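Chain naming here is simple, since letters A, B, ... match the order of the sequence lines and numbering starts at 1 in each. All values derive from a computational prediction rather than experimental measurement.
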Amino acid sequence: MGRTPTGRTLAEKVWEQHVVRRAEGEPDLLYIDLHLVHEVTSPQAFDGLRLAGRKVRRPDLTIATEDHNVPTVLGPISDPVSRTQVETLRKNAAEFGVRLHPMGDAGQGVVHIIGPQFGLTQPGMTIVCGDSHTSTHGAFGGIAFGIGTSEVEHVLATQTLPAYRPKTMAIEVKGDLPVGVTAKDLILAIIAKIGTGGGQGHIVEYRGEAIRKLSMEGRMTICNMSIEAGARAGMIAPDETTFEYLRGRPHAPTGAAWDQAVEYWKTLRTDDDAVFDKVVEIDASTLTPFVTWGTNPGQGVPLGSAVPSPEDFADSVERAAAERALEYMGLAAGTPLRDVEVDTVFVGSCTNGRLEDLRAAAEILRGRKVVTRTLIVPGSMQVKKAAEEEGLHEVFKASGAEWREAGCSMCLGMNPDTLGPGERSASTSNRNFEGRQGKGGRTHLVSPAVAAATAVTGRLTAPADL
Amino acid sequence: MDAFTTHTGRAVPLRRSNVDTDQIIPAVWLKQVSRTGFEKGLFSAWREDPSFVLNDPAYAGATILVSGPDFGTGSSREHAVWALQQYGFRVVISSRFGDIFRNNSTKMGLLPVVLPEDVVGRLQAAVEADPATEVTVDLAERQVRFGDVAASFEIDDYTRWRLMEGLDDIGLTLRHADDIEVYENGRQPWLPTTV
């Protein structure tokens, strides 16, 4: 990779800090500061270690949780295959000395929720996990990306990964988000603009005033969905908001180490004269609540508009994809999105399962009744506890929504929370792929506020419509 | 992994874009803890449709999948690669791949070949016209050949060498165990541990 002769981007700074070995004609060998593990993508990796007689090099930089398979109602896992997978993780964690937060544990939760919550996710770190939404952690100004099981085994054995540095891309978000428009709407609009392949081969840095004004929760929502734009990772330079979030968390530095860390973290910003390989600009001030109509996250439009027609797409591949998506989604071109009725509303996931998201949903549901099946699923046991301390669970229950235990839930069809064939959801998760929430299920991606408003009317609805 | 030098076989045209890994192998198949048996889950929802191209007997035994753009987007599940390999595919050709899928493929010896969209279209048309068309994917020469077409593709030297030798990444990295130790001793003191 060419080095810029002048300033460096944030991504370049973090990458360079982690190069263990660089040789001509080879990928860099990159050190990994934190490895997050869950039950789905790790069993074959631990098997590989056993077969080769290898151990986990740095169990002290590794942490595991149970999330994808876990039911969100109390009780054991009834599906024997899911149960075996979770039990396999427990066995592997014990055998290889990895800290595990099992179901029922106060620290359990979705893998990308618990890292930041413990203060394990810090600026300038390299973080990987066998899960594409690892990009979430880039919100703290590190490089965080998803890997497959072969690479999980590689990191377990060596705490490194061979990798070429991706290109750099800036997404400059100008202006301020209007009231009622959230981080989720912004990232859906970005993906609709650049497409599912728009970030391919790049690390995206989200920049601009609208980004700076987001809370850490909002920044995590943005970075989480970088992968849906095809990006290898997404990141946001750390600032006072980041430091305030981290201060006092269990694994954050303390005393003199804190001061030393903050001093370093403040250097983690793109130099003014640095050059990105690609720059995209988006005006936040013109945005409105956003919703997807199709079967990939790039197929999104403002909620106030109508389902597009395949003829609207000049590109033949996009046109064919739109035709197919409309058929799968059971939607007619030209239908106002506000007329689309849903069967289920899901608030949760690594995209929108944090306390701020639950507060946004509760604000809408307070004093109102839901008319659809509505699942409110905290991203972690700690989020659940914090929400209950604020009484949010009472708001949800009074509205008729279901208040659940922590887990990935309806984000993907691996646990009992699924859509049936033909069922339609408004979901705060990250993927509207065919069958993602259950075979034949139809997904509209939305923000927590839109999800809650939709639960009240039974049709895709913005809070301002109520 | 198995070494890959050159492969000649028949190809299946998959005229769809954004073939995400949830389509390649739906999540319900990911509950297995073994590395085998994933061929049954390959495109399992789409295969229920009798008109789906993999159900066409004319393409039975094909070893090269020729897809529309953005193949393998979405989830990091390496199970997608295992499912394709266990079904019998050695090569996937597309104009653009999801980064994680492409990475996973090269770790397992499934060759992801990037060709321009028009060349992919010509290859799809050729195997639609004659499913018996022989397609050669030559990693040594970085070339795909069919009919009178010879199309070059790019792959970095290091990945090509690793695939051609069938080398295990972990073994290669452990040759540099000393470098890792030196790096570890110089890490910033405030960095967190999970203990």
Please answer whether the main-chain N or O of A/L61 pairs with a side-chain N or O of B/T193 as donor and acceptor at a distance below 3.5 Å. no
Under 4.5 Å to a heavy atom of chain A? For B/W29 that would be neither
So which part of B/Q32 gets closer than 4.5 Å to some heavy atom of chain A, the side chain, the backbone, both or neither? both
Under a 4.5 Å heavy-atom criterion, the part of residues 1-18 of chain B in contact with chain A comprises B/R16, B/S17, B/N18
Hey, does A/R54 have a side-chain heavy atom less than 4.5 Å from the side chain of B/L174? yes
Taking side chain as everything from C-beta outward and backbone as N, CA, C, O, which of these in B/P189 sits under 4.5 Å from a heavy atom of chain A? Side chain, backbone, both or neither. side chain
Taking CD in B/E134 as the centre, count heavy atoms belonging to other residues, nucleotides or ligands within less than 6.0 Å. Is the count above 12? no
So, the part of A/N69 with a heavy atom under 4.5 Å from chain B: the answer is side chain
Please round to the nearest 0.5 Å and tell me the distance separating atom CD of A/Q17 and atom OH of B/Y183. 5.5 Å
If you measure from CG on B/D168 to CD on A/E153, what distance do you get to the nearest 0.5 Å? 7.5 Å
Which one, A/G435, A/P162, A/A320, A/A321, leads in non-hydrogen pairs under 4.5 Å with chain B? A/P162
So what's closer than 4.5 Å to chain B heavy atoms on A/V19: side chain, backbone, both or neither? backbone
Applying side-chain contact (heavy atoms from CB on, under 4.5 Å), run through A/D47 and B/R35 and close with a yes or a no. CA-CA 9 Å; A/D47 270 350; B/R35 257 183 199 268; over 6 Å; no
Answer with side chain, backbone, both or neither: which region of B/S34 has an atom nearer than 4.5 Å to a non-hydrogen atom of chain A? backbone
Quick check for you: among A/T134, A/I147, A/L161, which has the greatest number of heavy-atom pairs under 4.5 Å with chain B? A/I147
In terms of heavy-atom proximity below 4.5 Å to chain B, should A/Q260 be classed as side chain, backbone, both, or neither? both
Quick check for you: to the nearest 0.5 Å, what is the distance between B/I170 atom CD1 and A/T160 atom OG1? 9.0 Å
Between atom CD of A/E263 and atom CH2 of B/W190, what is the distance when rounded to the nearest 0.5 Å? 8.5 Å
Honestly, the part of A/D79 sitting under 4.5 Å from a heavy atom of chain B is side chain
For A/Q85 and B/K31, indicate whether the former's side chain and the latter's backbone hold a donor-acceptor pair under 3.5 Å. yes
Less than 4.0 Å between a side-chain N and a carboxylate O, is that true for A/R57 and B/E184? yes
Please walk me through it: do A/H68 and B/L30 pass side-chain contact (heavy atoms from CB on, under 4.5 Å)? CA-CA 10 Å; A/H68 286 60; B/L30 272 48; over 6 Å; no
Compare every heavy atom of B/D179 with every heavy atom of A/R21, then report the nearest pair and how far apart it is. CD-OD2, 3.3 Å
Where on A/R232 is there a heavy atom nearer than 4.5 Å to chain B: the side chain, the backbone, both, or neither? both
Non-hydrogen atoms of chain B under 4.5 Å away: do they reach the side chain of A/P59, the backbone, both or neither? backbone
Residues B/E48, A/K439; criterion salt bridge (charged side-chain N to carboxylate O under 4.0 Å, His left out); working and verdict: CA-CA 12 Å; B/E48 286 180 14; A/K439 201 166 144 192; 2.4 Å; yes
Is it the side chain or the backbone of B/R187 that comes within 4.5 Å of chain A heavy atoms, both, or neither? side chain
B/Q23 side chain to A/E434 backbone, donor-acceptor under 3.5 Å: yes
Carboxylate-amine/guanidinium contact B/D20 A/R431, below 4.0 Å: no
Evaluate the criterion side-chain contact (heavy atoms from CB on, under 4.5 Å) for residue pair B/L191 and A/L34; output intermediate values, then yes/no. CA-CA 10 Å; B/L191 283 166; A/L34 178 66; over 6 Å; no
Identify which of A/P43, A/S82, A/G438, A/S150 forms the greatest number of heavy-atom pairs closer than 4.5 Å to chain B. A/S150
At a 4.5 Å cut-off on heavy atoms, which part of A/H18 comes close to chain B: side chain, backbone, both, or neither? both
Is the closest side-chain heavy-atom distance between B/H176 and A/T158 below 4.5 Å? no
Comparing A/N296, A/V20, A/T196, A/N415 against chain B, the one with the most heavy-atom pairs below 4.5 Å turns out to be A/V20
Ranked by heavy-atom pairs below 4.5 Å to chain B, first place among A/V317, A/T41, A/I63 goes to A/V317
Checked B/D157, B/V195, B/D156, B/V182 vs chain A; the most non-hydrogen pairs under 4.5 Å come from B/D156
Determine which residues belonging to residues 75-105 of chain B lie within contact range of chain A, meaning some heavy atom pair is under 4.5 Å apart, and list them by number or answer 'none'. B/S75, B/S76, B/R77, B/E78, B/H79, B/W82, B/R96, B/F97, B/D99, B/I100, B/R102, B/N103, B/N104
Rounded to the nearest 0.5 Å, what's the gap from CE on B/M108 to OG1 on A/T149? Could you check? 9.5 Å
Considering only heavy atoms and a distance below 4.5 Å, find which of A/G25, A/G195, A/G230 pairs most often with chain B. A/G25
May I ask you to name which of B/T73, B/T159, B/I180, B/V28 has the most heavy-atom pairs under 4.5 Å with chain A? B/I180
